[in-house]
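See structure below.
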Amino acid sequence: MESVRVRFAPSPTGMFHIGSARTALFNWLYARHTGGTFILRVEDTDASRNKPEYIEVIFNGLRWLGFHWDEGPQPGGAVRGDRGPYFQSQRGAIYKRYVDQLLSEGKAYESDGAIKFRTPKTPIVVPDLICGDIQFDRTNEPDLVIQRKDGSPVFHLVNVVDDLEMGITHVIRGEDHLSNTHKHLALIEAFGAKPPRYAHIPLILNPNGSKMSKRDVGASIEDYEKEGYLPAAVRNYLCLLGWSPKDNREILPIEDVIALFDLPQVNRANARFDADKLFWINGEYFRAAPIESIEPLALEILRRHGILGEKYDHAYFRAALAIVKEKIKVGRELPDWMGHFFREDFPFDPAAAKKVFTTEGLTNLVKLHERLSQINPKDFNALTLETEFKALAAATGQKLGALIHPTRLAVSGSSVGPSLYHLLEVLGRARVLSRLERAEKEFTASPGT
RNA sequence: CACCCCAUGGAGUAGCGGUUAGCUCACCUCCCUUUCACGGAGGUAGCACGGGUUCGAAUCCCGUUGGGGUGACCA
């Protein structure tokens, strides 16, 4: 039994599209499921559109998503595998050999400086592992240009030649290639070679059903990294677009996907991109993630927003992140939720101030200030604080909320946030007292403004 | 225009001839609760349409409609 060899063959055009990522994912899953080889091949034949630095985008995207490739170019210029070169721009001699073969056998001819392949005009069946057997008529199929006037080979030719040369056993690609596959089969037959198996996966569409292009929101993988999504969450979401574990699970470890994944079970209908669901899945991963695993991501985002500099209180940052991460779903929410931890001049939410910094609210702040200042700094923890709050509420005959809401706003500027007692504990006695004082001063003169 | 693919609530899906059509997101209500989030209990909402086949169809066949793809000296 021959071992599976699959490839991901992107063009370096400047971004890593979510559809490409899903194609890469399914290839990678199939390779891992079968114990086969996952190959990266760079289709950079269109010199006008491809730039060398764009290759880094592909490397980074694959690396971020955790799709390690067994063969192909590596970052830094190294190469793995003995079927290279893996850049089509470096395989000109190989393509020429195949074109010459077709020419010498009369299966191709010159026309206006270009070289055209004589396509068969008889019906053909394209067998597909996902779509089934598909018939194509081909009666009016025009001959196919395989080499341009300038001597460069076109996609259909290089794609087929490389799959043959690299021993690809399964071509797993987007359904947009399904209608072109009969051309590939014709070329392979002309070369007298054995075709790989094909599996065309459904496309990812916009929420409105249109084709997802580069400019559409959510199309770029780099954006997810920037916005603080977790790669495992994005990967998990992508698995669910066109594939299902069939046991009602939504969140599942990639190992389970690898074990369950197979081509015949891939869906045939296009799927629409749903940012809400990705958001939810990310929240599941975010909350379950160990604090250390999201620290770098959080640090990067907070620094990008100018909230943290090179130097910062590591323990304080970590403690703050720990209570915040329970409440949010994606890294991009971090600046809003954590900004106040690192500056004393944070603004107060005006609407919330109007509502809770009333005369009564401010009076409570004063009482609280007095009470909390009695606590020994080393006892300033969530448990003690809860006791104090409850004691004051009981003593003044108020509901706990009457104390909690003004306090939260006073120490964080916001009406939403982590568990208040834990928030106060993380801030520490000194910060809490000074923040209470600041709110008292700023609002006592004109309550509720 | 031609050819190809597809069609379960708003979105992703389970279902593969007999189910009160299941699950997740989103939305709504309630509970929990210091806010938010989580968690819990409910709710709104679906087999595109029309013909067949069959005792019986979301499941099989045909047509229609709708959506997507391909038809490049782009990939």
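Both backbone and side-chain heavy atoms feed into the values below; hydrogens, waters and symmetry mates do not.
Comparing atom distances between the A:Asp274 side chain and each of B:A26, B:U70, B:A11 picks out B:A11 as nearest. Here the nucleotide nearest the side chain of A:Asp112, chosen from B:U24, B:C73, B:U35, is B:C73. For A:Phe136, the listed nucleotide lying nearest its side chain is B:C3; candidates were B:C3, B:C73, B:C5. Minimum atom distance to the side chain of A:Lys327 is reached by B:A37, of the listed B:G68, B:C25, B:A37. Which of B:C36, B:C25, B:U34 sits closest to the side chain of A:Trp337 comes down to B:C36. Taking every side-chain heavy atom of A:Glu284 into account, B:G39 is the closest of B:A75, B:G39, B:G68. Each of B:U34, B:A26, B:G68 was ranked by its minimum atom distance to the side chain of A:Asn270; first place goes to B:G68.
Counting any heavy atom pair closer than 4.0 Å across all strands shown, A:Thr407 reaches no nucleic acid atom. Among the heavy atoms of the strands lying under 4.0 Å from A:Lys329 are primed sugar atoms or P, OP1, OP2 only; no base atom is included. Heavy atoms of A:Ala271 sit under 4.0 angstrom from primed sugar atoms or phosphate atoms, though from no base atom. Residue A:Lys183 is classed as a sugar-phosphate contact, given heavy-atom separations below 4.0 Å to backbone atoms only. Residue-level contact check: A:Gly242 touches the backbone only, with heavy atoms under 4.0 Å from sugar-phosphate atoms and none from bases. A:Phe389 comes within contact range of no nucleotide atom at all, as no heavy-atom separation falls under 4.0 Å. Residue A:His200 is out of contact with every strand shown, counting any heavy-atom pair closer than 4.0 Å. Among the protein residues, A:Arg272 comes within range of the sugar-phosphate backbone only, with heavy atoms under 4.0 Å from sugar or phosphate atoms but none that close to a base. Residue contacts shown for A:Asp150 are absent, as no nucleic acid heavy atom lies under 4.0 Å away. Heavy atoms of A:Lys116 sit nowhere under 4.0 angstrom from any nucleic acid atom. Residue contacts shown for A:Leu420 include a base, since a base heavy atom lies under 4.0 Å away. When heavy atoms are screened at a 4.0 angstrom cut-off, A:Asn180 is found touching base atoms of the nucleic acid. At a threshold of 4.0 angstrom between heavy atoms, the contacts of A:Arg287 are confined to the sugar-phosphate backbone, with no base atom among them. At a threshold of 4.0 angstrom between heavy atoms, the contacts of A:Ser244 are confined to the sugar-phosphate backbone, with no base atom among them.
Distance noted for atom P between B:G9 and B:C47: 7 Å (whole Å). The gap from the C1' atom of B:A7 to that of B:G46 amounts to 13 Å, rounded to the nearest Å. A gap of 16 Å separates the C1' atoms of B:U8 and B:G67, to the nearest Å. Straight-line distance between the P atoms of B:A58 and B:C49: roughly 11 Å, to the nearest whole Å. The same atom, P, is picked in B:A57 and in B:A48; the two are 15 Å apart, to the nearest Å. On the C1' atoms, B:U44 is 15 Å away from B:C30, given to the nearest whole Å. For the C1' atoms, the distance linking B:A72 with B:G15 amounts to 42 Å, nearest Å.
For A:Arg197, the CZ atom sits in a loose shell: 12 or fewer heavy atoms of surrounding residues, nucleotides or ligands are nearer than 6.0 Å. Within a 6.0 Å sphere centred on CD of A:Glu56, heavy atoms belonging to other residues, nucleotides or ligands number more than 12.
Evaluation of atom-type donor-acceptor distances gives a pair under 3.5 Å for the side chain of A:Glu250 against the base of B:G12. The base of B:U34 is paired with the side chain of A:Ser419 by a donor and an acceptor separated by under 3.5 Å. Between the side chain of A:Asn248 and the base of B:G22, at least one donor-acceptor pair of N or O atoms lies under 3.5 Å. Evaluation of atom-type donor-acceptor distances gives a pair under 3.5 Å for the side chain of A:Ser179 against the base of B:G69.
Of all heavy-atom pairs spanning A:Thr119 and A:Pro142, the tightest one is OG1-O, 3.2 Å.
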Practice problem: Check the pair A:His17 / A:Ser220 against side chain to side chain donor-acceptor pair (under 3.5 Å), numbers first and verdict last. | Solution: CA-CA 5 Å; A:His17 194 270; A:Ser220 163; over 6 Å; no
Self-check item: side-chain contact (heavy atoms from CB on, under 4.5 Å) between A:Leu368 and A:Phe389, intermediate numbers included
Solution: CA-CA 8 Å; A:Leu368 230 21; A:Phe389 271 72; 3.8 Å; yes
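In this structure, B:G10 forms a base pair with B:C25, meeting either the Watson-Crick or the G-U wobble geometry with both donor-acceptor distances under 3.5 Å. Figure legend. B:C1 is base-paired to B:G71; pairs are counted as Watson-Crick or G-U wobble with both atom distances under 3.5 Å. Using the Watson-Crick or G-U wobble rule with both distances under 3.5 Å, B:C60 pairs with B:G52. Summarising the base pairing, B:C30 is matched to B:G40 through a Watson-Crick or G-U wobble pair whose two defining distances lie under 3.5 Å. Remark: B:A45 base-pairs with no nucleotide in the shown strands. Criterion, Watson-Crick or G-U wobble with two distances under 3.5 Å.
If you measure from atom CG of A:Leu278 to atom P of B:U13, you get 14 Å, rounded to the nearest angstrom. Between the CD atom of A:Gln265 and the C1' atom of B:G12 there is a distance of 17 Å, rounded to whole Å.
Residue A:Lys246 places at least one side-chain N or O under 4.0 Å from the OP1 or OP2 atom of B:A14. Residue A:Arg41 has no polar side-chain atom (N or O) positioned under 4.0 Å from OP1 or OP2 of B:A75. The shortest distance between the side-chain N/O atoms of A:Asn267 and the OP1/OP2 oxygens of B:G12 is not below 4.0 Å.
Counted by atom type alone, A:Asp349 and A:Ser414 present zero donor-acceptor pairs between their side chains at under 3.5 Å. Judged by distance alone, the side chains of A:Arg138 and A:His182 never bring a donor and an acceptor atom under 3.5 Å apart. A donor atom on one side chain and an acceptor atom on the other are not found under 3.5 Å apart for A:Asp162 and A:Tyr86.
Where A:Leu241 and A:Ile404 meet RNA chain B, the nucleotide closest to each residue was compared, and A:Leu241 sits on the side nearer the 5' end. Residue A:Pro207 is the one, among A:Gln147 and A:Pro207, whose nearest nucleotide of RNA chain B lies closer to the 5' end (criterion: closest heavy atom).
Checked options A:Arg41, A:Arg97, A:Arg5, A:Arg7; the residue passing with A:Glu165 is A:Arg97 (criterion: salt bridge (charged side-chain N to carboxylate O under 4.0 Å, His left out)).
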